[in-house]
Amino acid sequence: MPSSDTRPTDVRPVLVPAVALPRVADRLRDLPHNIELLSWSSDGVTNQQGDAVENPSPEAAWLTMDLFFNGEIGPMTDAIIEFGSVQWVQGFLAGVDAPPFQKLLAAGLRLSNSDSPNIGVAEYVMSALLSHTHGIAERIDLHRAGTWKQGQWPEIGGQTWVVVGFGSIGHEVAKRARPFGVEIVGARRSAVDDPSADRMITMDGLSETLATADAVVLACPLTDETRGLVNDQFLGAMKPEA
């Protein structure tokens, strides 16, 4: 294993979590870039042959969702900062408010967000609002109790949903909701025309629009500008049954 001092200057060492590497190694190697894949785990850094790498100096790192599930997001974040060589980190969420991401930004590292989970988030929004509208949790409880109770069967068709932060996640929500007959109102900071929504508003017009909403979807990142957005005034502007 050549040391970092003898590595060709055109090779870019990229740090990838060991838990994710088997899933993506072939695709990464097929990229039209001269990269050296380094595998990170809490036990250390290894090369593609599984040999330990002494004094690794990765230039880029990829944090994957796997690290959230196995509890290693914190240790890998710390390792990335300690290397002192990493210039760019690819994240796995649309937002960057998670503490590990904030730690990377505070260390002066360039951080990219990701739109890869957005379809799953949009599907969750659909399932959550459908479940709430149809009282699925109550129906399941009655079923488990052996109780038959006939009730109304409402529809989301004809409802108005206000999507605050009409970015990539908002677009995916709109793409799935509009075929159900839902009217989508997208809210953004700046005035834009967007065919993905039935109409667009700016954040200045949000308060009066909330009065027409049957549901509000928060798809905006958590920043200093959006923190505390949903307060008594926000909720008070909405219909009681929304």
Side-chain angles (χ1 to χ4, degrees), residues 1 3-4 7 9-125 165 167-173 217-227:
M1 171 67 190
S3 67
S4 58
R7 180 187 295 115
T9 57
D10 64 336
V11 174
R12 303 295 187 182
V14 178
L15 196 68
V16 180
V19 65
L21 190 57
R23 187 175 70 246
V24 299
D26 290 342
R27 283 180 287 167
L28 292 177
R29 281 192 288 263
D30 289 341
L31 292 174
H33 306 287
N34 195 5
I35 63 175
E36 176 190 8
L37 294 179
L38 300 177
S39 175
W40 180 92
S41 74
S42 55
D43 296 325
V45 177
T46 60
N47 59 21
Q48 296 177 65
Q49 290 73 42
D51 301 320
V53 178
E54 296 183 7
N55 301 319
S57 55
E59 293 183 17
W62 181 23
L63 296 175
T64 70
M65 184 70 79
D66 311 81
L67 297 168
F68 255 10
F69 300 144
N70 67 7
E72 291 190 326
I73 181 70
M76 185 168 180
T77 298
D78 292 338
I80 288 171
I81 296 173
E82 291 170 4
F83 286 134
S85 58
V86 176
Q87 302 175 33
W88 169 48
V89 180
Q90 174 64 56
F92 53 84
L93 295 175
V96 296
D97 55 282
F101 296 156
Q102 287 295 304
K103 196 170 188 178
L104 292 169
L105 292 173
L109 298 182
R110 178 177 295 176
L111 175 65
S112 297
N113 63 352
S114 173
D115 62 1
S116 59
N118 293 355
I119 290 177
V121 172
E123 290 181 354
Y124 165 77
V125 170
S168 54
I169 291 177
H171 280 89
E172 295 296 342
V173 171
V217 178
L218 295 179
C220 51
L222 179 59
T223 66
D224 290 339
E225 293 181 355
T226 61
R227 191 181 305 276

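The basis for the numbers below is simple: all heavy atoms, side chains too, and nothing from hydrogens, waters or symmetry mates.
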At their closest point, which heavy atom of [X] faces which heavy atom of [Y], and how far apart are they?
X	Y	value
M76	L67	SD-CD1, 3.6 Å
R12	E59	NH1-OE1, 2.8 Å
P100	I73	CG-CG1, 3.7 Å
D97	Q102	O-CG, 3.7 Å
P22	A18	CD-O, 3.2 Å
P13	S57	CG-O, 3.5 Å

Any chance you could lay out the side-chain contact (heavy atoms from CB on, under 4.5 Å) test for V96 and L111, step after step, and finish with the verdict?
CA-CA 8 Å; V96 296; L111 175 65; 3.9 Å; yes

Any side-chain heavy-atom pair of [X] and [Y] under 4.5 Å:
X	Y	answer
L37	L21	yes
L28	V14	no
L63	L104	yes
T226	L218	no
D66	E72	no

How many angstroms lie between [atom1] in [X] and [atom2] in [Y], if you round to the nearest 0.5 Å?
X	Y	atom1	atom2	result
L38	Q48	CG	CD	8.0 Å
S114	M65	OG	CE	8.5 Å
E82	T77	CD	OG1	10.5 Å
N118	E123	CG	CD	11.5 Å

Could you check whether R29 pairs with D26 (Lys NZ or Arg NE/NH1/NH2 to Asp/Glu carboxylate O, under 4.0 Å)?
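Salt bridge between R29 and D26, a charged N being under 4.0 Å from a carboxylate O: yes.
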
Please, which pairs that meet ring pair (Phe, Tyr, Trp, His ring centres under 6.0 Å) have at least one residue in residues 32-88, sequence neighbours excluded?
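Pairs touching residues 32-88 that pass the test: F68-F92.
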
Quick one: do the D115 and S168 side chains pair a donor with an acceptor below 3.5 Å?
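No - no donor-acceptor pair under 3.5 Å links their side chains.
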
